K.L.:
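Got a structure here, written out as structure tokens. Questions coming.
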Amino acid sequence: MTTLEQLNSSAARDVPAFVKTLHGIYEHSPWIPERATRLGPFANITALKQALQGVVTAADRAEQLGLIRAHPELAGKAAIAGELTAESTGEQAKAGLNLCTPEEFATLQKLNADYNAKFGFPFILAVKGATGKGLTRQQIIATFTRRLRNQPEDELREALRQIGRIAEMRLNDLLGHTPAIGATIMEWAEEIGAWSDDEGALTCTYMTDAHRRTADQIAHWMREAGMHAHIDAVGNVVGRYLSTDPQAKTLMTGSHYDTVRNGGKYDGREGILLPIAIVKHLHEKGETLPFHFEIIAFSEEEGVRFKSTFLGSNAIIGQFDLNLLNLTDRDGVSMRDVLTQAGHDVTAIPKIARDPSDLLGYVEVHIEQGPVLLNRDLPVGIVTSIAGSSRYLVDLKGVASHAGTTPMNMRKDAAAAAAEIILYVEQRCGEDQHASLVGTVGQLQVPNGSTNVIPGACTLSLDIRAARDDVRDNAVADVLKKIEEICQRRSVDFKIEKTVSAPAAPCAGWLMQQLAAAAERAGVKPFELASGAGHDAMTIAKMTDVAMLFTRCGNGGISHNPLETMTADDAEVSAQILLDFLRNFKAKV
Ligand SMILES: [Zn+2]
């Protein structure tokens with residue numbers, strides 16, 4: 001077994017020995033470990049992984065292509081002829097690629113040929129997958145088929161990331177490193193990810209059978225980890241890991257266990273399962289914390305069943321609107337009935353409210369749900385602020401007239417006005433990037449439109465978000481002014497209705513600093529990013545200081561989708577950071 005100490009000492013004194021030890025990590029590419037020696041010594045395996053992959057990212061295009069082309073085809077000719085490196089042979093066999101049926105083999109050969117023709121390099125996939133246990137042949141073929149549709153530039157970067165993931169698992173083997181806490185988090189997410197309102201997809205909406213079963217399981221895991229756990233009147237699962245000091249205050253963490261329709265396994269759930277796994281680890285070592293540590297699995301954040309979001313966290317901050325109990329789902333069943341039938345006492349909801357003076361703060365871990373960390377080769381990032389959002393519905397009225405007889409300069413085309421508005425939103429929100437400003441027109445309709453009629457009406461939605469309220473407000477003001485100007489010039493009438501206005505929730509600097517310090521100690525350069533999506537932390541921020549740690553989201557950063565993914569190693573790094581944060585936590589003075 002190689003140790004990190006040996007590697008560090010050879011990196012400093014005997015570069016050829018270092019390169020030799022790491023020769024199997026990247027296929028036929030000794031230049032990678034060689035250049036990484038300059039970045040040592042490595043405080044831990046994560047720092048080493050980051051350094052090696054940093055060399056790959058910084059390499060020029062020819063070197064990157066050379067690295068990619070040094071890899072064998074999946075189940076390709078070299079595999080059959082037994083010409084693969086020992087590492088590749090083992091990995092391909094683990095995925096069962098040596099046991100392909102004739103049909104699967106033919107499919108893979110066709111995919112290999114199409115892929116090579118399109119991209120000019122072999123398809124690379126870390127076939128051991130997100131947990132290291134191996135993808136199935138069906139999963140491999142599905143991923144292959146999906147990635148064949150990628151743009152060449154995106155696919156080149158994806159190939160390099162897969163090489164990074166392969167190297168990561170080979171390094172784990174070389175150094176005898178097991179991401180044990182990460183593996184537990186992944187297993188638990190898999191287990192509750194199978195319980196769904198819909199067959200064949202993960203849908204876990206408020207107070208359904210799957211939702212209640214999930215809550216019971218979370219409570220069970222909390223108790224097993226040494227926590228006191230109960231399910232409150234809105235279905236939040238609350239676990240407390242008590243300090244030996246009964247007078248101690250409480251540090252809170254958590255996230256939601258409900259999902260969107262056909263959602264991902266980690267959205268929300270990571271932020272529940274990860275701290276439970278940490279507490280389990282502490283409990284097994286007999287270690288307590290100098291404060292009470294409370295994990296809340298929020299029952300509802302996504303707003304799918306009753307079209308009202310953040311039910312769980314609003315109850316915690318004492319702002320659950322009891323009128324919401326009258327809301328009905330699509331079958332006409334009221335929230336009150338749903339809760340009562342599940343055995344909850346709705347009159348107890350106001351009592352859930354926490355006393356802010358008892359709280360030290362709130363830290364939430366969440367999968368990023370976007371591609372920023374993935375594109376920067378970072379396992380985690382520190383959230384600066386949860387973006388506020390402004391949404392509008394815009395109604396444009398022009399004149400519907402004959403597409404053949406109305407000259408171009410005599411038209412009042414509502415859709416053409418909309419097109420101009422959309423392009424302006426894109427341009428305006430693209431020019432002010434320092435506060436993660438984004439603008440989207442996600443809905444666009446030409447009511448009763450037909451091929452031979454100039455659009456007389458057009459409706460569009462507008463969604464503008466930013467990490468800072470002033471940045472968002474300025475963009476909104478400019479867009480609204482531009483809509484007026486465009487409509488005036490085109491003699492189109494307009495009506496604008498504001499549908500949402502939510503302020504940004506900035507994270508607390510003192511908590512961010514402590515998270516950043518923990519990330520640094522874990523071997524990850526602290527990187528700050530804003531959250532474009534809303535999270536429970538946004539609600540809790542009304543009661544106490546909050547911070548968030550994002551975990552890298554795989555598959556191009558896709559979320560709210562079954563393809564949402566993360567790795568056991570990234571879950572492990574995130575867990576180690578939160579654990580270190582807890583052990584070193586200093587209350588705000
Ligand atoms: Zn979420």
Side-chain angles (χ1 to χ4, degrees), residues 185-186 188-189 192-193 195-197 201-206 210-211 214-215 218 234-237 252-276 295-317 362-374 380-383 385-389 436 463 465 467 500 502 504-505 507 529-541 546-555 557-566 570-571 574 578:
I185 296 163
M186 300 295 282
W188 285 347
I192 55 176
W195 302 340
S196 172
D197 307 347
L202 173 54
T203 305
C204 182
T205 65
Y206 195 48
H211 187 267
T214 303
I218 291 170
V234 288
N236 295 324
V237 192
M252 209 186 248
T253 188
S255 197
H256 59 100
Y257 65 91
D258 70 319
T259 72
V260 295
R261 283 189 197 289
N262 199 16
K265 291 190 275 261
Y266 310 101
D267 174 10
R269 287 139 180 241
E270 183 201 7
I272 300 165
L273 302 175
L274 182 147
I276 299 176
I295 304 174
I296 306 183
F298 297 105
S299 54
E300 216 289 354
E301 188 255 18
E302 303 281 9
V304 174
R305 185 165 181 185
F306 292 99
K307 310 285 169 245
S308 182
T309 55
F310 299 102
L311 298 177
S313 47
N314 272 320
I316 294 290
I317 66 164
Y362 173 88
V363 180
E364 179 170 351
V365 183
H366 203 286
I367 188 166
E368 183 203 333
Q369 303 185 277
V372 175
L373 296 173
L374 189 69
V380 295
I382 317 278
V383 177
S385 166
I386 301 162
S389 56
S436 307
D463 175 315
R465 307 184 194 207
V500 171
C507 292
L529 73 168
S531 171
H535 295 294
D536 294 294
M538 214 170 170
T539 312
I540 304 298
V546 304
M548 288 190 79
L549 181 73
F550 270 173
T551 305
R552 167 166 52 190
C553 183
N555 276 341
I558 194 165
S559 181
H560 281 185
N561 185 296
L563 289 173
E564 176 191 281
T565 185
M566 58 191 273
D570 287 355
S574 307
L578 187 66

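Remember, it's a predicted structure, so these values are computed and weren't measured experimentally. Atoms within a ligand are numbered from 1 in the order they appear, just like the ligands themselves.
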K.L.:
Among all residues two or more places apart in sequence or in another chain, which pass the salt bridge (Lys or Arg N to Asp or Glu O under 4.0 Å) test with Asp570?
P.N.:
Arg552
K.L.:
Where do Leu373 and Glu368 come nearest, in terms of heavy atoms and distance?
P.N.:
N-OE1, 3.0 Å
K.L.:
Under the salt bridge (Lys or Arg N to Asp or Glu O under 4.0 Å) test, which residues partner Asp463, sequence neighbours left out?
P.N.:
Arg391, Arg465
K.L.:
Protein N/O/S atoms under 2.8 Å of the Zn ion (ligand 1)?
P.N.:
His256 NE2, Asp267 OD1, His366 NE2
K.L.:
Which residues pass the side-chain contact (heavy atoms from CB on, under 4.5 Å) test with Thr259, sequence neighbours left out?
P.N.:
Leu202, Cys204, Arg269
K.L.:
Would you confirm whether the ring centroid of Tyr257 sits within less than 6.0 angstrom of the ring centroid of His211?
P.N.:
yes
K.L.:
Just by modelled atom types, is the Gln369 backbone N or O under 3.5 Å from a matching donor or acceptor in the Tyr266 side chain?
P.N.:
no
